[in-house]
Every structure is written in structure tokens, then in C-alpha cells.
Number of protein chains: 2
Amino acid sequence: MNQPHWLSAKERDTWIRFAAVAELLPAALNLQLVNDEGLTHFDYYALAMLSEAPGRVLRTSALAARTNATLPRLSRVLSRLEDAGWVHRAECEQDRRATNVSLTQSGWEKVVAAAPNHVATVRRLVIDALTDEQVEQLGAISRAMLSRLDPECRMLASER
Amino acid sequence: MNQPHWLSAKERDTWIRFAAVAELLPAALNLQLVNDEGLTHFDYYALAMLSEAPGRVLRTSALAARTNATLPRLSRVLSRLEDAGWVHRAECEQDRRATNVSLTQSGWEKVVAAAPNHVATVRRLVIDALTDEQVEQLGAISRAMLSRLDPECRMLASER
DNA sequence: CTAGATTAGTTGCACCAACAACCAATGACC
DNA sequence: GGTCATTGGTTGTTGGTGCAACTAATCTAG
């Protein structure tokens, strides 16, 4: 890297603001969920991914891919969610190494209860701050960045 | 919240992708710095803020504001950076409660050495994935979101 | 001048997450 | 069919981070 390609003034301005957003937004989303629901954002996201899966069941490693979590992290989170009664772990019949994680009725109700405030927060901090045109632009921009950050689309597996 | 205002299909599409970016980008930036320089992204950012300050000196609480860190967090990070010889803490003459944190020559050299690869990573993952027009759009979008996330512009203090 | 309130920073404690080591089950190959 | 590599998941250990409690210095009011 003998001749670093520095950012132009315009690029630098965009980057500084966008980096600040990337720093502040996750903390803000987490704070709302912890305060209102006693869930971390990761907890909520994991429950939400389960709620959208067919039969509300996923194998542990499939859930880990959708949530961008390591298996050790997810293992401990699932223990906590299971203790709270929101998920249930059962041996997989086809592959007895694997575990099927299912959303319980209580877990479903938790997601349903938490969703409105969470969506309202997403609206307040992101969507409603933008024009319709900007929402469209942000979608295209995010798609472009994701092609670099996640070429295999692991995080969007549930969308395909 | 009796009538939650759900996201439209287009808004939801944008949000899912953007949330994935917000999840993956910080980890990617951190990984590059840890691998290449043995610095966390927070370490690097703190050193960078010091390097841009007049005289390369800031009070602990001013640095905390610029880096969006709590005082306890920054206190421990500074202990680590001081042990590494990159910063120096000295009592403030005017207010003996306060601490002036200064970047050492070694710390300056560390930032200068780390910057090119870091900037190259920002280019690779963000800037170069976008058209010039999209860079402009992302600047405006980030500005709009920041007005919700950080109305007092604490994180942009060094820019004003 | 002195008592109480506020501010700057550090430290005790508890929790969370990463890495590595580990166990169990499966698949691959001869 | 038996050995070896691979995969799915859990647990030990370590390091980071937030909150609350604490110390010390400064400011404010009477």
C-alpha cells in the first residue's frame, strides 16, 4: 500500500456521517428492546427469524447463519431463551447431531407483543426520517454494500 | 400502540438489507484492524480523534464524547493504550479533576501506519461499491438519520 | 468559610461474546 | 466394515463493556 487512495472531501463527509449512523443505530435499537421488552436486539431477531420459519422451527446452525451468530454465542442465547420458555430444543430425527429449535406459543406471543414498538422505533429512527425516494436509494445502496460484505447472502437466506 | 404502522413491502425490503449492513459492517472494519494492526476499531478511532485534535491532546471526557464512549469504557481503553505507549495521561493544570490525554510520537506513528489499510477497507466495502451519485445520496440519508439518532451532534463535534 | 451539589475519572461486579478445546454423530474412503 | 476427517453443538476461559458505587476536585449558597 505505497500509494494509499485517500477519500475525497465528499467521500470523507459521507463516510463520517455514515460511520456515526452505524455506531449509533444498533445501540438505539437494542436500548428500546431492552427497556420495553427485556430482550436484547439479538434475542428479538432470533425469535423473529424463528417466527418466520416454516413451522416456526429451524436447526441451530441455520438460525446461526440467519442471525450472523457464532454457534457458541447462539448456544448460550438459546439456553437463556429456553429458560424463559420462548423456545424449545429437540433432537433432530434425521441427524442426531443436530438440534431443532422451535418457537413456543409463549415465544410467539412475545414476538407479537414486541414487534409494534420495535417497528415504531425503526420508523422513527430510519424510515420516517427519509423521503420515499431516499428509502428506495437506501435499498439500492445497501444491496451494493451487501454484495461486498456478504457475497454469499448468508444473512438474507430467509428472503430467497 | 393499538394500530401499529407496519412497513410497506418496499420499506421492509430496504430495512432488512440496511439492518444487515449495520450488523456486518462494524464487525468487518474491526476484523481488518485487529488482524492487520492489533487494534480494535474503537482503539483506532480514539487514536484518530486524538491525532486530529489541536496539539494532539484532548480531555478524557471530550474524547469520550467524540467516540461515543462511556467514561468507564474509555478509562479502561486508555489504560491499555497507555501501557502500549501510544497515549499519555497528564493532570490538567486548570482543573485538577480532569485528565489531558495526549498522543505520543509512537501513537502518531501507529495511526499513520494503520490509516492506509483502514481507508482501503472503507473503500472496498462502502465507497467503491457505490456510484458517485450514491455516495452523495448516502451522505444526505445519513444526515437525515443522524438528526434522529444524535440530535445534538455529539459524534460530529470534531467536524464543526 | 463551609456544607451540599456537581463534575471528572476510576474501580467492583456482572454479563456478554469470541476463541479454542471438547464430545458426539455422520460421512468418506480404502 | 473400520479408520479418519468433517459437521453440529456445548463448555472453559479470557477480555471487553455497562451500571453503580466510589474518590477527589470544583462550584454554589448562605
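Below, chain A is the first sequence line, B the second, and so on; all start at residue 1.
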Measure the distance from [atom1] on [X] to [atom2] on [N] and round it to the nearest whole Å.
X	N	atom1	atom2	result
B:R59	C:dT7	CZ	P	13 Å
B:F42	D:dG18	CZ	C1'	13 Å
A:L74	C:dC19	CG	P	15 Å
B:L63	C:dA8	CG	C1'	14 Å
A:H41	C:dA17	NE2	P	13 Å
B:Q94	D:dA25	CD	P	16 Å
A:L78	D:dT11	CG	C1'	15 Å
A:L71	C:dA17	CG	P	14 Å

Side-chain N or O of [X] closer than 4.0 Å to phosphate OP1/OP2 of [N]:
X	N	result
B:T60	C:dG9	yes
B:T99	C:dA8	no
A:S75	D:dG9	no
A:S61	D:dT7	no
B:R96	D:dA25	yes

Test the B:R73-B:F42 pair against the cation-pi criterion, namely NZ or CZ under 6.0 angstrom from the six-membered ring centroid and within 45° of the ring axis.
->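 Yes, B:R73 lies over the aromatic ring of B:F42.
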Polar side-chain contact B:R73-C:dG9 base: donor and acceptor under 3.5 Å |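 Flag unset: no donor-acceptor pair detected.
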Is a donor-acceptor pair below 3.5 Å formed from side chain B:R76 to base D:dG18, judging by atom type as modelled?
->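 Flag set: donor-acceptor pair detected.
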Lys/Arg-Asp/Glu bridge criterion (N-O < 4.0 Å) met for B:R124, B:D128 |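 Salt bridge: no.
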Can we say B:D43 and B:R80 salt-bridge, meaning some charged N sits less than 4.0 Å from an Asp/Glu carboxylate O?
->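 Answer for the salt bridge query: yes.
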Nearest-nucleotide wise, let me know which of A:D95 and A:T70 is further upstream toward the 5' end of DNA chain C.
->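 Going by which nucleotide is closer to the 5' end, it is A:T70.
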Can you check whether A:H5's main-chain N or O pairs, donor with acceptor, with B:R123's side chain at less than 3.5 Å?
->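 The answer is yes, because a donor-acceptor pair under 3.5 Å joins these two groups.
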Nearest-neighbour nucleotide for the A:R97 side chain, C:dA25, C:dT7, D:dT10 considered |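 Given the options C:dA25, C:dT7, D:dT10, the side chain of A:R97 is closest to C:dA25.
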Shortest non-hydrogen contact from A:V135 to B:T14?
->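 That would be O-OG1, 3.0 Å.
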Applying ring-ring contact (aromatic ring centres under 6.0 Å, His included), which residue pairs with at least one partner in residues 74-133 of chain A are found, sequence neighbours left out?
->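 Matches after skipping sequence neighbours: A:H41-A:H118, A:Y44-A:H118.
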Members of residues 79-93 of chain B that approach DNA chain D, where some heavy atom sits under 4.0 Å away =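 B:R80 - these, ordered by number, are the residues of the stretch whose heavy atoms sit under 4.0 Å from the strand.
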Going by atom types only, do B:R89 and B:S79 share a side-chain donor-acceptor pair under 3.5 Å?
->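 Yes.
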